[in-house]
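To start, the structure under review is shown below, and the notes come after it.
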Amino acid sequence: MSNWQHGFYKLSTEERRARLSAARHLSTADQQLLSDGSSTLGNQLVENYLTDYRLPEGVGLNLLVNGQEYQVPMAVEEPSVIAAASNGAQRVARSGGFQAARQERALVGQVVLVPADGETDSELAWLRDHRDDLLRVANEAHPSMKRRGGGAKDVRFRTPGHFISVDLSIDVCQAMGANSVNTMAEAVGHWLTDHGFNVLTAILSNYATESLQTVECRVDFVNLATAKMAGEKVARRMAQLSDLAQVDPYRAATHNKGIMNGIDAVMVASGNDWRAIEAGAHAYAVKDGQYRGLSTWQIDGDQLIGRLTLPLPVGVVGGSIGLNPLTKANYRISGIETAEELAAVTASVGLAQNLAAVRALASSGIQAGHMKLQYRSLAVSVGATADEVPQVTKKLAKLDHVDRSVAKQVLSEIRKD
Ligand code: HMG
């Protein structure tokens with residue numbers, strides 16, 4: 001290991017950048033880039049801080065959820081995601097909007113024990129006899145949660161493999177709550193150790209099956225039509241694509257990626273832990289042993305019905321939410337005030353996103369719409385200036401085949417002209 005890394009974390013941000021620049025022979029331009037993007041807040045949030053890595057933020061439009069209209073900030077680097085979310089949401093709004101059930105919200109704090117040989121049943125019996133103590137210990141570790149009306153409400157016992165899992169069901173009120181749950185689970189773990197149990201770990205589970213959010217929509221065929229395909233045909237092909245995602249994990253993974261395009265973007269812009277949401281979503285997608293699409297699309301009369309259920313243990317306080325002024329501004333833009341509302345809106349964005357992608361796949365294919373919007377990033381990637389980008393994208397849109405080398409050629413032709 002190179003010696004310059006030792007104690008790197010103890011340096012100031014400027015010293016870190018200087019040390020790294022010397023070791024990695026960074027150009028003056030790269031050094032300037034790092035220093036220009038640096039912020040005081042960033043240095044307070046992560047370790048070995050160098051600079052802020054920025055994502056573009058846009059706003060998803062036309063979202064009608066439980067009769068209320070929302071404009072939702074979305075942070076994502078991929079072209080066409082925000083356009084697709086707005087497009088899908090508009091089609092749903094024209095047919096009455098999304099219906100999102102009110103979410104039951106609890107996190108699971110897992111305390112895992114390794115029972116002594118042949119003692120699983122007796123240890124389980126002891127645990128069942130002491131369930132009130134387990135809840136008391138958990139709540140004493142975080143009394144403010146209980147004062148706010150939340151806290152540990154229930155405890156269940158499972159036996160995955162040869163382990164015993166003590167699953168605390170914890171209401172974290174409006175918070176993301178990971179730290180609180182870990183504190184409570186660890187307190188229970190210590191208490192069980194003191195009572196002679198072999199505790200392997202105590203930690204929040206991201207498989208948040210007690211924070212499931214369901215959203216539904218009904219879309220009239222007419223709102224699915226394209227210039228070249230009738231709405232009914234699009235709807236029937238979308239339903240087939242949905243069936244495919246239920247039986248083929250290769251397709252299901254891409255189907256779910258489309259849903260997470262929207263969900264992750266809302267999670268980032270609302271300051272939530274999108275890695276936790278991703279982990280929970282994919283675990284839920286394989287809940288019955290086969291990985292499946294998280295949403296389904298089915299024909300009912302002259303409508304296409306969409307349904308999406310996934311764990312959304314989101315928060316509107318805690319984590320970095322209160323620290324980042326842009327995150328706070330994003331809540332003012334969306335008008336979202338509660339965790340329940342955020343979960344309902346986020347799931348709706350996911351289903352809108354899925355609708356737009358699956359509709360495109362069922363009709364003209366993804367490239368027609370998606371690539372049109374990719375042209376701008378393609379133009380930038382081959383070196384087009386802000387003035388040249390519109391000219392390059394206009395020319396690319398007229399071509400049948402577009403790739404990097406074509407974009408380079410188009411740019412050089414424009415420059416010659
Ligand atoms: P279009 O048919 O050209 O849209 O769609 P339109 O001109 O009919 O406009 C309708 C509405 O769409 C607009 O309403 C906007 O809300 C929105 P209006 O303003 O006219 O009242 N809209 C836009 N919003 C912002 N910027 C734009 C824009 N264009 C339309 N430029 C579109 C074009 C790309 C939206 C459509 O073709 C589409 O939704 N395609 C799907 C794109 C997609 O899913 N992209 C994600 C990346 S691909 C991927 O990662 C996932 C995937 O693999 C998942 C899967 O396989 O399931 C596809």
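Remember, it's 1-based here, ligands and their atoms both numbered in the order they're listed. Note that the structure is predicted; figures quoted are calculated from it, not measured.
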Test: D220 and R94 ion pair at under 4.0 Å: no
Of the protein's non-hydrogen atoms, which lies at the shortest distance from atom 26 (N) of ligand 1, and what is that distance? A83 CB, 3.6 Å
Nearest non-hydrogen protein atom, atom 15 (C) of ligand 1: S86 CB, 4.4 Å
Location of contacts on I366 toward ligand 1, heavy atoms closer than 4.0 Å: side chain
Would N261 count as being in polar contact with ligand 1, using the rule that some N or O on each side must be under 3.5 angstrom apart? yes
Numbering the atoms of ligand 1 from 1, which are under 4.0 Å from a heavy atom of K257? 49 (C), 50 (O)
Do me a favour and list the nearest non-hydrogen protein atom to atom 37 (O) of ligand 1 with residue, atom name and distance? G369 CA, 3.6 Å
Do E340 and Q174 get their side chains close enough for a donor-acceptor pair, meaning under 3.5 Å? yes
Closest non-hydrogen protein atom to atom 40 (N) of ligand 1, residue and atom name please, with distance? A360 CB, 4.0 Å
State whether the side chain of Q353 and the backbone N or O of G88 hold a donor-acceptor pair below 3.5 Å, judged by distance alone. no
May I have the step-by-step check of side-chain hydrogen bond (donor to acceptor under 3.5 Å, both in side chains) for S165 and D167, ending in yes or no? CA-CA 6 Å; S165 182; D167 295 346; 2.6 Å; yes
Considering non-hydrogen atoms of the protein only, which is the closest contact for atom 16 (O) of ligand 1, and what is the distance? N62 ND2, 3.2 Å
How would you list all residue pairs meeting side-chain hydrogen bond (donor to acceptor under 3.5 Å, both in side chains) that involve residues 75-87, not counting sequence neighbours? E78-K257, S80-H370, N87-R91
Nearest protein heavy-atom contact for atom 44 (O) of ligand 1: which residue, which atom, what distance? A357 CB, 3.4 Å
Just checking, any donor-acceptor pair under 3.5 angstrom between side chains of H255 and S295? yes
Answer with side chain, backbone, both or neither: which part of I82 has a heavy atom less than 4.0 angstrom from an atom of ligand 1? neither
Does R251 reach ligand 1, in the sense of a heavy atom lying below 4.0 Å from it? yes
Can you find an N/O atom of Q90 closer than 3.5 Å to an N/O atom of ligand 1? yes
Does the N or O separation between N87 and ligand 1 drop below 3.5 Å for any pair? yes
Where's the contact between T226 and ligand 1, heavy-atom distance under 4.0 Å: side chain, backbone, both or neither? neither
Atom 38 (C) of ligand 1: which protein heavy atom is closest, and how many Å away? A84 CB, 4.2 Å
Taking only residues at least two apart or on different chains, which pairs with a member in residues 7-55 satisfy ring-ring contact (aromatic ring centres under 6.0 Å, His included)? W4-F8
